[in-house]
A.B. asks: 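Let me begin by handing over the structure; questions about it come next.
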Amino acid sequence: MVSMENLSQQHLDILKEIGNIGAGNAATALSRLLNKKIDMLIPAIKIVDFNDLMEYVGGPDQVIVSVFLRIQGEAPGSMFFVLTPEEAHSLVEQLIGTSAENLEDNELAISAISEIGNILSGSYLSALSDFTSINLQPTVPNLTIDMAAAILMQGLVEISQESDYAIIIDTMIEENDQTKETVKGHFFLLPDPNSFDKIFRALGVED
C-alpha cells in the first residue's frame with residue numbers, strides 16, 4: 001500500500017493541476033450548455049482521514065446536497081460532489097435563473113444540479129484518466145439531500161475496512177458577470193484500496 005508519508009507537496013500540486021484541467025474543461029462545457037461564461041477554480045486539494053471527512057462538511061448531522069457516482073474502469077472507486085443546501089440554491093439560481101428555495105420539490109433544480117455534477121465529475125475523471133493513463137468511467141449520477149452521515153456512508157462502507165483516506169478537491173464556480181457571485185463545493189474522491197495505490201503509483205509515488 002502507498003504510504004501517506006511518501007506523498008509530497010509536489011504530488012498534491014500534480015493533483016491540483018489535474019483538478020484545474022478538469023475544472024477548465026467543465027467550465028467550457030457549462031458555458032456552452034448555459035450560453036454564458038462560467039469560471040471554475042480549484043483553490044485546494046487535500047488528503048484527509050475518513051474520521052475527518054464528516055467534520056469537513058459540518059458534522060454527521062449536517063444536511064448536504066450530494067451528487068454521488070461510482071467510478072468504473074481500471075481504478076474503481078466512489079465520488080461525491082457536495083454542496084450545502086444554501087450553495088445548491090445559489091448555484092441553481094445563478095446558472096439557470098430559477099428560484100430553488102424548496103429544492104426537494106423542484107424537479108428542474110434537481111435535474112440541473114445532477115447535470116452539473118455529472119459534467120464536473122466527468123471532466124475531472126477525464127483529466128485524471130488522461131494524466132495517469134488509467135481508464136476511468138463515471139456511472140449515472142444520483143442526487144441525494146440528507147444528513148452527511150447517511151449520504152457519505154454509501155461510499156465508505158465497502159472500503160473503510162481497508163483504506164483510511166479520501167481526496168478532497170475544493171471547487172469554486174462563478175458566473176463571469178458583474179456580480180461575480182461564487183459557489184463553493186467539494187469533490188470527495190474515494191478510490192477503492194487497490195485503486196488508491198494504482199493512481200498514486202501512476203503519479204510517481206513509491207510504496
A.B. asks: Heavy-atom distance under 4.5 Å between the side chains of I18 and D130, does that happen here?
C.D. replies: no

A.B. asks: Might you point out which heavy atoms bring I64 and P85 nearest each other, and give the distance in Å?
C.D. replies: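 What the structure gives for the nearest pair is CA-CD, 4.3 Å.
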
A.B. asks: Consider only side-chain heavy atoms of I, L, V, M, F, W and Y, link residues closer than 4.5 Å, and tell whether I199 and F131 are in one cluster.
C.D. replies: yes

A.B. asks: For A27, does its backbone N or O pair with a side-chain atom of S31 as donor and acceptor, under 3.5 Å?
C.D. replies: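 Here the side-chain-to-backbone pair exists.
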
A.B. asks: State the CG-CD1 distance between L128 and I167, to the nearest 0.5 angstrom.
C.D. replies: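 Going from the CG atom of L128 to the CD1 atom of I167 covers 7.5 Å.
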
A.B. asks: Atom CG in L83, atom CD1 in I116: separation rounded to 0.5 Å?
C.D. replies: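 Spacing of CG (L83) from CD1 (I116) equals 8.5 Å.
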
A.B. asks: Are I134 and L189 connected, step by step, through hydrophobic side chains (Ile, Leu, Val, Met, Phe, Trp, Tyr) whose heavy atoms are closer than 4.5 Å?
C.D. replies: yes

A.B. asks: Is it true that a side-chain atom of R70 and a backbone atom of P138 form a donor plus acceptor pair closer than 3.5 Å?
C.D. replies: no

A.B. asks: Rounded to the nearest 0.5 Å, what's the gap from CG on L12 to CD on E17? Could you check?
C.D. replies: 13.5 Å

A.B. asks: Should the ring pair Y124 and F187 be called parallel, tilted or perpendicular, given that the plane angle runs from 0 to 90° and is split at 30 and 60?
C.D. replies: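 Y124 and F187: parallel rings.
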
A.B. asks: Does A44 offer a backbone N or O that forms a donor-acceptor pair with the side chain of K16 under 3.5 Å?
C.D. replies: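 Answer holds: no.
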
A.B. asks: Would I113 end up clustered with I110 when hydrophobic side chains under 4.5 Å apart are linked, directly or stepwise?
C.D. replies: yes

A.B. asks: With a 4.5 Å heavy-atom cut-off, do F80 and L152 have their side chains touching?
C.D. replies: yes

A.B. asks: For the hydrophobic clusters of this structure (ILVMFWY residues joined by side-chain heavy atoms under 4.5 Å, transitively), does one cluster hold both L125 and L203?
C.D. replies: yes

A.B. asks: Using modelled atom types only, decide if a donor and an acceptor are shared between the side chain of Q137 and the backbone of G73 within a distance under 3.5 Å.
C.D. replies: no

A.B. asks: Kindly compute the distance separating CD (E87) from CD1 (I173), expressed to the nearest 0.5 Å.
C.D. replies: 9.0 Å

A.B. asks: When rounded to the nearest 0.5 angstrom, what distance separates CZ in F81 from OG in S114?
C.D. replies: 11.0 Å

A.B. asks: Using atom types as modelled and distance alone, determine if a side-chain donor or acceptor of N20 lies under 3.5 Å from a backbone N or O of I42.
C.D. replies: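 Side chain of N20 to backbone of I42: a pair is present.
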
A.B. asks: Write down the atom of L136, the atom of S129, and the distance for their closest heavy-atom approach.
C.D. replies: N-OG, 3.8 Å

A.B. asks: Write down the atom of T182, the atom of E174, and the distance for their closest heavy-atom approach.
C.D. replies: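 Shortest heavy-atom separation between T182 and E174 comes out as OG1-OE1, 2.8 Å.
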
A.B. asks: Ignoring hydrogens and geometry, is there a side-chain-to-backbone donor-acceptor pair from S126 to G122 under 3.5 Å?
C.D. replies: no

A.B. asks: Short question: side chain of S195, backbone of P76 - any donor-acceptor pair under 3.5 Å?
C.D. replies: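 Such a contact is found between S195 side chain and P76 backbone.
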
A.B. asks: So V48 and F188, side chain to side chain contact (heavy atoms under 4.5 Å, CB included) or not? Walk me through it.
C.D. replies: CA-CA 10 Å; V48 303; F188 295 161; over 6 Å; no

A.B. asks: Check step by step if side chain to side chain contact (heavy atoms under 4.5 Å, CB included) holds for V63 and I145.
C.D. replies: CA-CA 7 Å; V63 174; I145 304 170; 4.1 Å; yes

A.B. asks: Could you check if a side-chain atom of F200 sits within less than 4.5 angstrom of a side-chain atom of L15, using non-hydrogen atoms only?
C.D. replies: yes

A.B. asks: Looking at P60 and E55, what are the two nearest heavy atoms and their distance?
C.D. replies: CD-OE2, 3.8 Å

A.B. asks: Between D170 and K184, is a side chain to side chain contact (heavy atoms under 4.5 Å, CB included) present by the stated rule, with each step listed?
C.D. replies: CA-CA 7 Å; D170 292 336; K184 298 177 182 178; over 6 Å; no

A.B. asks: Of the non-hydrogen atoms in A75 and K198, which two are nearest, and what is the gap between them?
C.D. replies: CB-CD, 4.3 Å

A.B. asks: Before you tell me yes or no, could you show the steps for D39 and L41 under side chain to side chain contact (heavy atoms under 4.5 Å, CB included), namely the whole-Å CA-CA distance, both residues' side-chain angles and the distance that decides it to 0.1 Å?
C.D. replies: CA-CA 7 Å; D39 290 331; L41 297 172; 5.9 Å; no

A.B. asks: Roughly how far, to the nearest 0.5 Å, is CE of M79 from CD1 of I71?
C.D. replies: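 Here the interatomic distance stands at 5.0 Å.
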
A.B. asks: Is there side-chain contact between E115 and I119, with at least one heavy-atom pair below 4.5 Å?
C.D. replies: yes

A.B. asks: If two hydrophobic side chains count as joined below 4.5 Å and joins carry through other members, does L143 share a cluster with L33?
C.D. replies: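 They do share one cluster, since a chain of ILVMFWY contacts under 4.5 Å joins L143 to L33.
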
A.B. asks: Looking at every heavy atom in both G22 and S123, which two are closest together, and how far apart are they?
C.D. replies: O-CB, 3.3 Å

